[in-house]
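Structure record follows, encoded as structure tokens.
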Amino acid sequence: MAQVQVLSPDGSVQKVDRDSQEALQALRQTTALLAKAALKQEFPGIRLGEDNATDDGFFIDSDKDDAQVSADQLEDLEAAIKKFAKDDAKIELATVPLDEALAQASDDQFSNELIKAAAKDGQVAIYKVGDVVAVANAAVLTYADAIKNFKLLSVAGAYWQGMSSNPMLQRIYGTVFFKKDALEEDLKRRQEAKERDHRVIGNDLDLFFVDPKVGAGLPYWMPKGATIRRTIERYIIDKEVANGYKHVYTPVLMNLDVYKTSGHWQHYREDMFPPMDMGDGEQLELRPMNCPSHIQIFNHHIRSYRELPLRIAELGMMHRYEKSGSLSGLQRVREMTLNDGHTFVAPNQILDEFKSILKLMIEVYHDFDINDYTFRLSYRDPKNTEKYFDDDEMWNNAQTMLKQAMDDMGLEYYEAEGEAAFYGPKLDVQTKTALGNDETLSTIQLDFMLPKQFDLKYVGEDGQEHRPIMIHRGLVSTMERFTAYLTEMYKGAFPTWLSPEQVKLIPVKDDVHGEYADKLRNEFAAAGIRASVDHRNEKMGYKIREAQTKKVPYTLVVGENEVNENKVTVRKYGETEQITKTKAEFLDQILADLATYSRED
RNA sequence: GCUGAUUUAGCUCAGUUGGCAGAGCACUUCACUAGUAAUGAAGGGGUCACAGGUUCGAAUCCUGUAAUCAGCACCA
């Protein structure tokens, strides 16, 4: 097997398999390094920030006095990198005194800071290529001539050291492979990811739109998108009601005082729409979360321990003033409807309730055939007392309990600081969008804080008042995000039960067979199936094509043979095989499909 | 919000040096009556994102605003 030589920052050199992950990472790191050298050569005086290999490529940050590096300069940069590689540019590793390294980086403030941060005992390991000096923070290839099959993909802004209070540098993203085939495959994969994008499919299939003229981040659901949403909503409400949840409806507007009590106004104000001043001293607020609303439901009666766990649920519409740059199709919007639920429990019920929520969530995921996700325990950032309620004991207690529950259930997870809600830690279920961005789909959150803020009580077995704990949970996220996620996962080819159009009937000759098609449609509709007849004055091939491009699960052609024998000719989406069967046989087939959520098992 | 790019018909996009606003798809009408991925013809459709400016003349050049996209930051 082919091998490559890899040089580590500690000075060791070893041979590794060219097909290994280690070699690929070194290749990415090396390409980033050459890109830095190319930048320095092409744009004298440019300042260079981080260079990093990532899971699917590499990036380099830079900053210039005049215009930043732009996308149309990437080709020239590629050529410059190729030249470095072709000349087999030597990457030198040296461990030098800090002041010497700083002197070599001259007046580049970003390189200087990186070098200072990397220094140990006054010494720092640096790589040198061309005129560039960069901190040696990862292994590179000893020979740069392996860098042939690469592409600089895009430019984008990125804050220096990831902090929005810092200046913004220009980040160049790229991808690189040892083999040409691998690069081409990677570029193809990136292209396909774009075709999976829910915004593209949403437009093609006419599911939804967002019109900036009537409001950014405020989506309109077209009939087909609305059908998908309605199906999800009916499914999840039925599922929750069957699992002991009490579904309610509560207003989207609420007196601002309530959000002052809850702490939203203090900790979440930036993400809230400004209050509406009603002129008589009353201020109304569009709710950014449903928890205070469900607390009102809890508080409406004196509660007994016998009622706990009390599970209040709602498809609650909320408004959040998301920053303009973060809006994205249905994934990030300013008006959203959350599959929300709040369980009020006694302290000794937390663990069981947490487990039962998780169990329900896994069941729901199974029905939607969602398998690609990871668990994240999201804790507060203890240093950030602005954002999170300042109560060490509460946080430590809640975070320990959450971790304990996950360990008890033997589930794998990772921990992330600074990802909690302002009122408590949470278990997040993380998925990836088509374009590879991480997002939270489901969440279960422990909350000791809001019950205290609202002075919630239940009467215990001992006749005394006790404080409940709230568990916030969203199983299928918001209707917006979940629909976006499913659209990408299924690539628009929704399973029959979710598909907005389940059956398309095509008469061979409309004036002869159209009536039979209508009759079938009505029978299917009576059986709860979404079917329609294509009566248009078009050739069959045209209608078949459209049924396929619109990803209708079942296309039924009816002509003379079918009318005479009360049959249908069935073509499933994505298949070319045509099967003629009786109407009853087809009904059995599609009803079985619906009953199993189109899953194989 | 920030960096960069973009914004032309319902959708996807052309539009040269500043000189009459374009195509494909979709839509409407007509003809064709069709057996599994596009029948043919004709027609309608535009405040060239918005507001200013330069110019005899602006889709095109300049300034500002908004939105969209890639990403960062933030987040369901």
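We name chains A, B, ... by the order of the sequence lines, and we start the count at 1 in each one.
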message: Testing the basics here: between A/Glu488 and A/Ala434, what is the closest heavy-atom pair and its distance to 0.1 Å?
response: OE1-N, 2.6 Å

Using a cut-off of strictly less than 4.0 Å, decide whether [X] has a side-chain nitrogen or oxygen near OP1 or OP2 of [N].
| X | N | result |
| --- | --- | --- |
| A/Tyr542 | B/A26 | yes |
| A/Arg545 | B/U36 | no |
| A/Arg571 | B/A37 | yes |
| A/Arg536 | B/U29 | no |
| A/Arg334 | B/A76 | no |
| A/Lys426 | B/A76 | yes |
| A/Lys323 | B/C74 | no |

Same-atom distance ([atom1]) from [N] to [M], integer angstrom:
| N | M | atom1 | value |
| --- | --- | --- | --- |
| B/G45 | B/A26 | C1' | 11 Å |
| B/U63 | B/G18 | P | 16 Å |
| B/A31 | B/A49 | C1' | 41 Å |
| B/G10 | B/U28 | C1' | 14 Å |

- request: Check the distance between B/C74's C1' and A/Glu439's CD and give it to me in whole angstrom.
  value: 15 Å

Value in whole Å for how far the P atom of B/G71 lies from CG of A/Asp61: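 From A/Asp61 CG to B/G71 P: 15 Å.
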
Look at the side chain of [X] against the base of [N] and say whether a donor-acceptor pair falls under 3.5 Å; ignore hydrogens and angles.
| X | N | value |
| --- | --- | --- |
| A/Asp511 | B/A34 | no |
| A/Glu546 | B/A26 | no |
| A/Arg171 | B/A70 | no |
| A/Tyr159 | B/G1 | yes |
| A/Glu562 | B/G35 | yes |
| A/Arg332 | B/C74 | yes |
| A/Lys539 | B/C32 | yes |

- request: Could you summarise the pairing of RNA chain B as dot-bracket text, marking Watson-Crick and G-U pairs under 3.5 Å with ( ) or [ ] inside the strand and | across strands?
  value: (((((((..((((.....[..)))).(((((.......))))).....(((((..]....))))))))))))....

query: Hey, are the side chains of A/Arg473 and A/Gln445 touching, using non-hydrogen atoms and a 4.5 Å cut-off?
result: no

So what does [X] touch, heavy atoms closer than 4.0 Å: a base, only the sugar-phosphate, or nothing?
| X | result |
| --- | --- |
| A/Phe482 | nothing |
| A/Val333 | base |
| A/Ser442 | nothing |

Enumerate the protein-to-nucleotides 6-16 of chain B contacts in which both atoms are nitrogen or oxygen and the separation is below 3.5 Å.
unit_1: B/C11; atom_1: O3'; unit_2: A/Asn203; atom_2: ND2; d: 3.0

